[in-house]
Amino acid sequence: MIKMATDQQASDENQEEILNRMAENLARVDALSQRFLAALSNRSPANPTLSGPSKDLFAKAATSYWTEVLGNPAKLYEHQLEYWGQTVRQFMQAQQMMLTGAPAPEDEDKPRDKRFENPLWSTHPYFRLIREQYELNAQAVADAVAKVDDLDPVEKKRLNYFSRQIIDMMAPTNFLGTNPDALEKAVATEGESLVKGLENLVADLEANNGEMVVRLADESAFELGGNIATTPGKVVYRNDMMELIQYAPSTEKVREIPLVIFPPWINKFYILDLKEQNSLIKWVTEQGYTLFIVSWINPDVSYADVGMEKYIEEGYLAAIREVRSITGAPKVNAVGYCIAGTTLALTLSLLKARGDTSINSATFFTALTDFDNQGEFTPFLQDDFVDGIEAEVEAQGILRAFILGRTMSFLRSNDLIYKPAIRSYMLGEAPPAFDLLYWNGDGTNLPGRMTMQYLRGLCQQNLFARDGIELMGETLRLSDIDVPLMAVTCETDHIAPWKDCYRGMQKVGSKDRTFIVSQSGHIAGIVNPPSKKKYGHYTNGDWSGDAATWKDAASFTEGSWWPRWEAWLRPRSGAEIAARQPGDSAHPALADAPGDYVRQRAVR
């Protein structure tokens, strides 16, 4: 009797403890709900046309599909009967599993989706049926889209993309009631994981003025100039568009001709200086070069009327002028990365028209110059979206960072949107301390005028590669470029596909051209230090064929392309001289690297 009373008392105490924790969690949820509503009230959403394609696209697809059905109704009945049969079969298998406890065998040859790694997706009748129904419906949508064959190629590509987005959005893993990982953790933590998830959601909404932009990395884990962007240097020049950083030498001797890197202003330059072991900036100084880099301003609404002209005049031309002044060198070697590579090409054409030979050689990192094929960005570069962006920048003055970041993320939605959201909001986990993801989340705004010049004149009309683009009083043409150049591209780059980069580089007038295809993508293929011995690269000096022909005949080299680039750069960089310290009497240090502009956060 005493033992029973003791057990009952312990049970009552345990029950009371659980009830107390539940009450605490409910109180937290109530407070979080108030913060949630307050955050949403601050929301300034993007133009609604940027949330999806024109309705005309789906209307055309539906018309095409039903035209096919009416012309061949037997085909529809056949597909529907097959679909119904599989649905009933899956339901019967789920019932059998409930009765016997034994799951039906899986198709071993079928590739497994990483989203369904939890064993319950195979062993539990409820989750097994949900998964199989999702896969069946996803295939049905994909098959229906594939049968729409009278759309033009661009519309068909957009239909494929947006239907895939719908399929990914409706995955059962994205909903609490059909995500076994989230449900198991909620039970194991007595709901604590869901409260933490709500806290994470509210914090993200508050940080982004009511927009749901999931944090990809723990921002508190990184400090610019502390544990990332630490290569020593000084800001030696500053204007309204950029800071010019000169890095301290790592060798007693350096090459006479300095090197200046123009990074993209869509992101920030420290992707090239994340940490010592993979810093291209640090590595370049160790090879004996005087290195400068441009750190762009993060524009606010006062930059609404800034166009490509000002990026060239106060960015490229100003940097080249100041680098020559500081070093006394008559010429510079220049590097342009992504959109900054595109603009470096425009600058080279401008200098050619002016008879200016200040740039001795040019290196392009994943830079598009011919936009005839818009690649994976095709869905976003048609008039409905570009018109929406134009309306957005007319209203805001800038293209806000979260819009551009969201668009880029949707190209890899499962990895960059849904998976991080599940981890943060359903599982209640903190984002990882990952430097690359921290950089990815440190977005920048774009001036309204520059945005539309780039989208209309370059991306849509492809003027630079065709008849020429009117800029700064000159007609700039890709074919006018004649300096020695090297183009480094990346095999799996979805932002600047290597085949499109190749096609553009075929059109330049330079006789001294080198083309490299690095393994991996837009970032990892460039930030590929020799010490990692990770990604190799392809080379081929024959430009006579198309990209596929070039690749078929290319030679493959294990390891990073960095040493090959340096070997190409060295004979184009003059004699060795005594190492230069940052700045001079006319260019005193304004700040330590990485400078002030890089610390400016985007307007949310």
Side-chain angles (χ1 to χ4, degrees), residues 114 216-217 221-222 227-231 247 250 259 261 263-264 267-289 291 293 335-338 341 363-367 375-376 408-409 411-412 414-416 419-420 431-442 486-502 514-540 547 550-570:
K114 290 182 179 180
L216 298 178
F222 300 102
N227 57 358
I228 54 175
T230 59
T231 302
Y247 286 94
S250 298
L259 182 68
I261 298 177
N267 293 104
K268 296 183 179 178
F269 81 87
Y270 64 90
I271 186 60
L272 300 176
D273 192 31
L274 280 179
K275 49 192 175 187
E276 290 188 7
Q277 55 267 43
N278 66 0
S279 171
L280 177 65
I281 289 172
K282 181 175 184 292
W283 185 85
V284 167
T285 65
E286 292 171 345
Q287 309 315 303
Y289 293 88
L291 177 64
I293 199 165
V335 179
Y337 191 171
C338 191
T363 303
F364 298 89
F365 293 167
T366 63
E376 292 194 39
M408 304 286 271
S409 293
L411 295 175
R412 296 290 181 270
N414 283 325
D415 291 330
L416 295 177
K419 185 177 179 180
F434 187 10
D435 55 0
L436 179 60
L437 291 179
Y438 172 82
W439 167 84
N440 189 73
D442 189 8
M486 174 180 280
V488 184
T489 63
C490 300
E491 190 173 24
T492 59
D493 193 339
H494 63 283
I495 295 173
W498 77 267
K499 292 181 180 179
D500 298 330
C501 295
Y502 176 84
T514 301
F515 193 79
I516 292 175
V517 176
S518 173
Q519 291 181 312
S520 196
H522 193 71
I523 300 300
I526 298 299
V527 184
N528 181 24
S531 59
K532 293 289 183 71
K533 299 178 181 179
K534 194 169 185 181
Y535 301 120
H537 59 279
Y538 298 88
T539 54
N540 179 5
W550 183 95
K551 181 76 175 295
D552 288 341
S555 300
F556 179 74
T557 302
E558 296 282 353
S560 173
W561 55 269
W562 292 9
R564 185 182 295 275
W565 172 53
E566 194 278 323
W568 177 87
L569 192 63
R570 193 184 317 135

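Keep in mind that what you see is a predicted model, and the values were worked out from it rather than measured.
In this structure, W498 contributes its side chain and T492 its backbone to no donor-acceptor pair below 3.5 Å. Distance alone, capped at 3.5 Å, places no donor-acceptor pair between the S518 side chain and the H537 backbone. Proximity of a side-chain donor or acceptor of N540 to a complementary backbone N or O of W550 within less than 3.5 Å is detected.
Here the side chains of R570 and Y289 are in contact, with some heavy-atom distance below 4.5 Å. Between Y502 and K551 there is no side-chain heavy-atom pair separated by less than 4.5 Å. Put simply, the side chain of P529 reaches to within 4.5 Å of the side chain of W562, judged on heavy atoms. K275 places none of its side-chain heavy atoms less than 4.5 Å from the side chain of N227. For the pair I281 and I293, the minimum side-chain heavy-atom distance is below 4.5 Å. Contact check for M486 versus F515: no side-chain heavy atoms found under the 4.5 Å cut-off. L274 has its side chain within reach of W439: a pair of non-hydrogen atoms, C-beta onward, lies under 4.5 Å apart. Side-chain contact between L436 and I271 is present, with at least one heavy-atom pair separated by less than 4.5 Å.
Here the CG atom belonging to L259 is positioned 5.5 Å from the CG atom belonging to L291, to the nearest 0.5 angstrom. R564 contributes atom CZ, which lies 4.5 Å from atom OG1 of T557 (distance to the nearest 0.5 angstrom). To the nearest 0.5 Å, atom OG1 of residue T489 and atom CG of residue D500 are 10.5 Å apart.
Considering only residues two or more places apart in sequence or on other chains, K282 meets the salt bridge (charged side-chain N to carboxylate O under 4.0 Å, His left out) condition with E286.
You'll find the ring centres of Y538 and W561 outside the 6.0 Å limit.
Of all the heavy atoms in T366 and C501, the pair that sits closest is C-SG, 4.3 Å. For the pair V517 and C490, the tightest heavy-atom approach, listed with the atom from each and the gap, is CG1-C, 4.3 Å. Between D442 and Y270, the shortest heavy-atom distance links the atoms OD2-OH, 2.7 Å. Among all heavy-atom pairs drawn from W283 and P530, the shortest one is NE1-CG, 3.9 Å. Considering all non-hydrogen atoms of both residues, I495 and C338 come closest at CG2-SG, 4.5 Å. Looking at every heavy atom in both residues, F222 comes nearest to D435 through CZ-N, 3.2 Å.
Relative ring orientation between W565 and F365 is described as perpendicular, the plane-to-plane angle rising above 60° on a 0-90° scale split at 30° and 60°.
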Please test H494 against R412 for side chain to side chain contact (heavy atoms under 4.5 Å, CB included), starting from the C-alpha separation and ending with a verdict.
-> CA-CA 10 Å; H494 63 283; R412 296 290 181 270; 3.2 Å; yes
Only distances under 3.5 Å count here; give the side-chain donor-acceptor pairs of residues 519-527 to other protein atoms, sequence neighbours excluded, each with its distance to 0.1 Å.
{"unit_1": "Q519", "atom_1": "OE1", "unit_2": "G536", "atom_2": "N", "d": "2.7"}
{"unit_1": "H522", "atom_1": "ND1", "unit_2": "D493", "atom_2": "OD1", "d": "3.1"}
{"unit_1": "H522", "atom_1": "ND1", "unit_2": "D493", "atom_2": "OD2", "d": "2.7"}

